[in-house]
Structure formats: structure tokens, C-alpha cells
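Comments concern the structure below.
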Amino acid sequence: MMLAMASSERSATKASGRLGRALLRLLMKRAAVVAVERLADRFRLITLEGAALAGVTWTPGQKIQIAMGSAFVARTYTPITWDADAGRTCVLGCVHGNGPGSAWVGWVEPGDECHIFGPRTSLDARRLAGSLAVFGDETSIGLAAALAVQDKTRSITCHFEVADVESGRKVVQQLGFDNAVLFAKRADDAHLQEMEAALPALVAAGASFVLTGKAGTIQRLRRSLRQQAVAAPRIVTKAYWAPGKTGLD
Ligand SMILES: Cc1cc2nc3c(=O)[nH]c(=O)nc-3n(C[C@H](O)[C@H](O)[C@H](O)COP(=O)(O)OP(=O)(O)OC[C@H]3O[C@@H](n4cnc5c(N)ncnc54)[C@H](O)[C@@H]3O)c2cc1C
């Protein structure tokens with residue numbers, strides 16, 4: 001009985017493996033990894049290229065999903081640039097643990113192949129007026145870089161909670177955000193008070209707010225902004241991950 005179950009489970013896994021691979025070819029864009037730059041310990045700037053990426057319309061803030069070996073397992077990343085003529089895009093990946101996304105970011109090399117879905121709508125900052133205040137974490141740095149590409153004349157200030165300030169500093173500097181304010185993450189979230197303390201000056205200056213990254217931090221900062229009477233149209237949010245949840249989209 002045990003053997004019979006194991007064999008039927010194996011066939012189901014094989015079938016879903018075959019289906020997953022067929023869906024990859026059918027629904028997703030094939031790309032080659034052409035460069036992997038190690039910006040700091042846990043950060044990789046990954047460039048993808050392929051004919052399927054050419055002629056694509058992309059708006060900064062959109063997402064792509066990268067298949068992790070099967071169309072059924074994908075992780076979401078934010079293109080920083082998209083060259084539709086060359087069929088090339090790049091993402092900043094952060095290794096934070098042992099999930100499939102972190103593992104891929106950690107081991108991927110030039111010459112590897114991958115499949116992507118998108119770009120698709122995620123966060124649209126085009127309707128926001130004035131200067132932008134971007135709050136987030138390691139996963140939000142790519143978005144800030146994409147928004148800087150969108151409008152080079154727009155002022156963008158960045159505030160990121162990071163596990164390692166030294167690595168975070170190296171990354172933001174290489175992406176041109178020398179003035180980014182970095183907050184060392186603390187297990188008791190005490191650093192969130194410091195992040196909140198940065199809000200009133202930005203509110204007074206008339207900034208619009210882009211909140212991404214960890215769901216709990218977004219909720220807290222949004223509440224604080226609403227208490228400061230910041231109107232909803234001046235805030236856009238998108239949770240990029242939440243403790244205990246996998247593969248948020
Ligand atoms: C729209 C969108 C855009 C995104 N853009 C980027 C991007 O440009 N660059 C980037 O690096 N990430 C980005 N992310 C976040 C990334 O998709 C997640 O961090 C994803 O969970 C990573 O997959 P994983 O397989 O490593 O972990 P999962 O298998 O998804 O999760 C395993 C565990 O790790 C936890 N976890 C997930 N992310 C983090 C984290 N950052 N820090 C600590 N714990 C975490 C989960 O809660 C879970 O408990 C984006 C997410 C979304 C929804």
C-alpha cells in the first residue's frame with residue numbers, strides 16, 4: 001500500500017513537472033542571464049536578455065515573476081530598467097533566507113536561462129504629485145532606482161530598513177542614492193519609531209509617499225501618515241513580503 005501510494009505520488013509529481021515545464025514554454029518569456037553583479041554581500045544586480053523581452057512596454061514600478069524551475073513556483077522582482085530595443089532588463093535581488101527566490105539570486109550566473117512572466121502592473125507612481133519619499137527595505141531599493149529612471153528631474157528621498165547597514169550603504173551608493181537614510185532593523189521593531197520620525201518633515205515639504213517592502217512596516221507608516229492628515233492620493237503602497245507568507249505577488 002505504502003509502495004503504491006509512493007508510486008502514484010511520484011507519477012503526479014512527474015506529471016506536474018511536465019505540465020510546469022510546458023506552461024513555462026507557453027506562457028513565459030525566455031531570457032538568458034547575461035550579467036550578475038555582486039553589489040554587496042547579499043545583493044545581486046542581475047541582467048536578463050532575450051528576444052522575448054524586446055518590444056515590451058514597461059512602466060517603472062511594474063513587476064516580473066521569475067519561474068523557479070516550474071511555472072507553479074515563481075518569485076516576484078522589480079525591473080530597474082527595461083531596454084525594449086535590446087530586449088534587456090535588470091533586477092536587484094536580495095538574498096534573505098533559503099526560499100527559492102533567495103537561492104536563485106544567490107547561485108544564478110551569466111549563461112543561465114530563466115523564464116519570466118510580465119512585466120505586469122504592481123505599483124504606479126505616475127499619479128503622485130511633487131517629490132517622492134520612498135520608504136521600504138532591501139526589496140524596495142530596485143523600485144527606487146526604477147522610479148529615478150522614470151523621471152530624472154523628480155526629487156526622490158529614500159528611507160530603507162536594512163539588516164546590514166554597511167551592505168545597504170554600498171548598494172544604495174552604487175545605484176546613485178548617496179543620501180538614502182538607512183535604519184538598522186531591530187528584532188523588536190524599535191527602529192520603526194525612527195522611520196516614523198522622518199515623516200513630518202517630508203509631509204510638511206509636500207512629498208508624496210511610496211511605501212513598499214515588509215507588510216507590517218507599510219501598515220505602520222501609512223497609519224502614521226493618515227494621522228498627519230496626508231490625503232490618500234498622496235500615498236501608494238504595495239506589500240512585497242510578510243513574515244511567514246511565501247511568494248507574495
Ligand atoms: C511586487 C513585488 C516586487 C518585488 N521586488 C523585489 C525586488 O526587486 N528585489 C527583491 O529582492 N525582492 C523583491 N520582492 C520580494 C520578493 O519577491 C520576496 O522577498 C520573496 O518572498 C523572495 O522569495 P524567497 O523564495 O526567497 O522567499 P519565500 O519562499 O517567498 O519566503 C520564505 C520566508 O522568507 C520570508 N521573507 C520573504 N522575503 C523576505 C525578506 N525580504 N526579508 C526577510 N524575510 C523574507 C517569508 O515571509 C517567508 O517566511 C518583490 C515582491 C513583490 C510582491
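Counting convention: from 1, in listed order, for ligands and their atoms alike. This structure is a prediction, so every number in the text was calculated from the model and none was measured. In this chain, numbering begins with 1 at the start of the sequence shown. Worth knowing before you read on, the calculation uses all heavy atoms, side chains too, and leaves out hydrogens, waters and symmetry mates.
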S122 heavy atoms within 4.0 Å reach ligand 1 at atoms 1 (C)
Please list, in number order, the atoms of ligand 1 under 4.0 Å from a heavy atom of G93. 11 (O)
Kindly say whether [Y] contributes a backbone atom to a donor-acceptor pair with the side chain of [X] at under 3.5 angstrom?
| X | Y | value |
| --- | --- | --- |
| R44 | D41 | yes |
| E138 | A163 | yes |
| E161 | K185 | no |

Heavy-atom nearest neighbour in the protein, as seen from [atom], with distance rounded to 0.1 Å:
| atom | answer |
| --- | --- |
| atom 3 (C) of ligand 1 | T78 OG1, 3.3 Å |
| atom 11 (O) of ligand 1 | C94 N, 3.0 Å |
| atom 49 (O) of ligand 1 | G244 N, 3.2 Å |
| atom 48 (C) of ligand 1 | K245 O, 3.4 Å |
| atom 32 (C) of ligand 1 | T246 CG2, 4.1 Å |
| atom 47 (O) of ligand 1 | A242 O, 2.6 Å |
| atom 33 (C) of ligand 1 | H96 CE1, 4.4 Å |
| atom 50 (C) of ligand 1 | T76 O, 3.2 Å |

At under 4.0 Å between heavy atoms, which part of [X] makes contact with ligand 1: side chain, backbone, both or neither?
| X | answer |
| --- | --- |
| N98 | neither |
| P243 | backbone |
| D249 | backbone |
| E138 | neither |

Taking everything shown except R154 itself, do over 12 heavy atoms lie less than 6.0 Å from its CZ? yes
Can you confirm whether more than 12 heavy atoms, excluding those of Q193, are under 6.0 Å from its CD atom? no
For ligand 1, is there an atom lying under 4.0 Å from some heavy atom of G142? no
Kindly identify the option in [options] whose heavy atom sits closest to [atom].
| atom | options | answer |
| --- | --- | --- |
| atom 2 (C) of ligand 1 | Y240, W104, F43, Y77 | Y240 |
| atom 30 (O) of ligand 1 | A74, G99, G247 | G247 |
| atom 7 (C) of ligand 1 | T121, L248, T139 | T139 |

Sorted by first residue and then second, give each side chain to side chain donor-acceptor pair (under 3.5 Å) pair with at least one member in residues 75-95; sequence neighbours left out. E49-R88
Does any non-hydrogen side-chain atom of F160 lie less than 4.5 Å from one of I141? yes
Counting only nitrogen or oxygen atoms and a 3.5 angstrom limit, does [X] reach ligand 1?
| X | result |
| --- | --- |
| K238 | no |
| P100 | yes |
| R75 | yes |
| L92 | yes |

Any side-chain donor-acceptor pair under 3.5 Å between D137 and W241? yes
Does the side chain of S131 pick up a donor-acceptor pair with the side chain of S155 at under 3.5 Å? no
Does a side-chain N-to-carboxylate-O contact under 4.0 Å join [X] and [Y]?
| X | Y | value |
| --- | --- | --- |
| R220 | D189 | no |
| D164 | R169 | no |
| R30 | E113 | yes |

Can you hop from L192 to L202 via hydrophobic side chains spaced under 4.5 Å? yes
